[in-house]
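Structure, as structure tokens:
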Amino acid sequence: MSSQLGNKFKVNIFGESHGKCIGVVIEGIPAGFEIDLDKLNLFMQKRKGKKNISTARNESDEVNIVSGFFNAKATGTPLTAIIKNSDVKSKDYEQLKNIFRPSHADYTGYVKYNGFNDYRGGGHFSGRLTAPLCVAGNIAMQILKKNYCIEIFSHIINIGCLDMGEKSFYSATYEEIKSINNKSLAFIDENAMNIAIEEIEKVKKNGDSVGGVIETGIFGIKTGIGEPIFDTIEGNIAKAIFAVPAVKGIDFGAGFSAGYMKGSEYNDRLNYVNDDEKNLKIETKTNHDGGINGGISNGMPIIFNTAVKPTPSIYIPQETINISTGKNTTLQIKGRHDPAIVTRAVYPVMSAAAIALLDLIL
Ligand SMILES: Cc1cc2nc3c(=O)[nH]c(=O)nc-3n(C[C@H](O)[C@H](O)[C@H](O)COP(=O)(O)O)c2cc1C
Ligand SMILES: C=C(O[C@@H]1CC(C(=O)O)=C[C@@H](OP(=O)(O)O)[C@H]1O)C(=O)O
């Protein structure tokens, strides 16, 4: 099954954007683990986005847990969570049955499923499916924090080609990183957040959309998680993160800029940071490797960037094809779309990382 991930912490996502519901079955939650539903619901609300700069579709995203949860604790058997789809406007999608949106999955979905795919709202390809991903992700984050003292933070480091002045995790303090949780959008810097909002409002006014980059940091991870050759931390995290629609790139540490550096600039020098012989602590002086060597965590924070493309559904007329007539045509999109996916993709990205990491740890 393709919509399933993990060996020990197993996540199986189902549903379509305009079907009755979407949901997730999660296996591997330790029996007796107390799931904080308030934290889970707060996370779900953050994924919904912000009025004016996100889709106008208004779903409650209330999480209904129907199995594997009893007396506020996980039973250890599969946990199933369901989220209703209520505010659907499927009429907007009628023309997309045959006229495919550039850069959405209308064409590939049609070919793959012989025209039987549910094209309404993007069906199973929709960003809506990141809601159940966030249910599993938030539970994974709660387990990582409580049982392993690992915390995951993500924020927006770039929107379009703007240098917003948002600090990177490489220079931010822990207090600054923690402050992301109290912001209405995932930023450290309020000023950067306002610049981003202004940019998104501008592209929205023009009927256009814009992409962005998310920086993620995994803090508190011990040395030794992940293994060669195919179960590397990078490989597992990347696979999970590409489950988030519109993600087009991921790089760890210095990433692609490593290809432009010399070893003398790049190499992360190992360093004892104390002289307590019984409990020597090792760090590296720099973190160009993003906390990973040989696919294994080296004890430094795992840091990676995720590139999110601009929303495919824009209101500017676009050239495309009509599969029923066999002719080229022009498409004018209707309906409600996010002018920038990146502000909402932050939470699915954190979720995917948490799911992949917990699976490796277990
Ligand atoms: C949270 C989220 C919201 C999204 N909102 C929209 C949207 O409103 N309109 C749209 O065309 N695509 C949206 N997308 C992106 C599409 O789902 C995605 O581009 C499409 O499924 C094709 O997948 P690909 O871009 O990975 O190739 C969203 C994605 C995410 C993660
Ligand atoms: C509903 C959500 O996002 C949707 C993701 C999406 C897409 O094509 O990915 C297209 C839009 O769907 P609709 O046209 O039905 O409003 C977004 O609103 C959600 O994230 O909960």
Side-chain angles (χ1 to χ4, degrees), residues 1-4 12-24 47-49 53-59 61 82-133 200 203-212 241-249 307-345 348:
M1 287 170 75
S2 63
S3 298
Q4 184 173 294
N12 194 334
I13 289 173
F14 59 85
E16 287 85 23
S17 182
H18 287 202
K20 276 200 176 134
C21 66
I22 49 177
V24 61
R47 192 205 68 93
K48 277 169 60 176
I53 59 159
S54 304
T55 173
R57 179 165 163 183
N58 187 15
E59 294 286 358
D61 280 359
I82 289 173
I83 300 164
K84 265 198 204 155
N85 294 322
S86 306
D87 185 21
V88 296
K89 279 199 180 165
S90 300
K91 218 165 165 263
D92 294 334
Y93 284 86
E94 265 165 32
Q95 60 168 348
L96 302 180
K97 183 168 193 252
N98 298 310
I99 302 175
F100 302 138
R101 283 172 294 175
S103 287
H104 211 293
D106 302 337
Y107 167 57
T108 51
Y110 178 93
V111 173
K112 180 83 183 167
Y113 300 109
N114 300 320
F116 291 104
N117 57 312
D118 183 352
Y119 54 85
R120 301 166 307 160
H124 194 59
F125 296 97
S126 172
R128 174 111 189 101
L129 276 292
T130 60
L133 181 74
I200 299 170
V203 293
K204 183 181 169 187
K205 216 166 150 199
N206 295 333
D208 211 341
S209 65
V210 66
I241 283 184
F242 277 110
V244 179
V247 166
K248 279 292 163 186
V308 179
K309 75 186 198 183
T311 316
S313 304
I314 56 173
Y315 299 94
I316 296 166
Q318 299 175 86
E319 291 171 353
T320 187
I321 58 163
N322 184 331
I323 200 87
S324 66
T325 62
K327 295 247 168 20
N328 288 322
T329 186
T330 301
L331 170 66
Q332 174 62 62
I333 281 164
K334 302 175 200 158
R336 308 165 292 182
H337 295 278
D338 291 293
I341 295 163
V342 65
T343 58
R344 304 183 56 218

Closest heavy-atom contact between [X] and [Y]?
X    : Y    : answer
G207 : I314 : O-CB, 3.4 Å
G121 : S17  : O-CB, 3.4 Å
Q95  : D92  : CG-O, 4.4 Å
Y119 : K97  : OH-CD, 3.4 Å
I341 : A246 : CD1-CB, 3.6 Å
I22  : A131 : CD1-CB, 4.0 Å

[atom1]-[atom2] distance between [X] and [Y], expressed to the nearest 0.5 angstrom:
X    : Y    : atom1 : atom2 : value
K204 : D338 : NZ    : CG    : 10.0 Å
D106 : I99  : CG    : CD1   : 11.0 Å
I83  : C21  : CD1   : SG    : 9.0 Å
Q318 : I316 : CD    : CD1   : 7.5 Å
E16  : N117 : CD    : CG    : 9.5 Å
I53  : T343 : CD1   : OG1   : 5.0 Å

(request) Going by the side-chain contact (heavy atoms from CB on, under 4.5 Å) test, name the single residue among S126, P245, P312 that passes it with H104. (result) P312
Is there a donor-acceptor pair closer than 3.5 Å between any side-chain N or O of [X] and the backbone N or O of [Y]?
X    : Y    : result
T320 : F100 : yes
S54  : G49  : no
Y315 : H337 : yes

(request) Indicate yes or no: at least one non-hydrogen side-chain atom of K48 is less than 4.5 angstrom from one of T55. (result) no
(request) Please assess R344 against T130 for the test side-chain contact (heavy atoms from CB on, under 4.5 Å), listing each intermediate value before the final yes or no. (result) CA-CA 10 Å; R344 304 183 56 218; T130 60; 5.6 Å; no
(request) For H18 and S90, test the side chains for any donor-to-acceptor distance below 3.5 angstrom and give the result as yes or no. (result) yes
(message) Hydrogens and angles aside, do H124 and S3 bring a side-chain donor and acceptor to less than 3.5 Å of each other?
(response) yes
(request) Determine which pairs satisfy side chain to side chain donor-acceptor pair (under 3.5 Å) with at least one residue from residues 323-335, sequence neighbours left out, and list them in order. (result) N322-S324
(request) For atom CZ of F14, decide whether the heavy atoms of other residues, nucleotides or ligands shown that lie under 6.0 angstrom number more than 12. (result) yes
(request) Please name all residues satisfying salt bridge (Lys or Arg N to Asp or Glu O under 4.0 Å) with D87, sequence neighbours left out, ordered by chain then number. (result) R336
(request) Go through the structure and list residues passing salt bridge (Lys or Arg N to Asp or Glu O under 4.0 Å) with D61, not counting sequence neighbours. (result) R47, R128
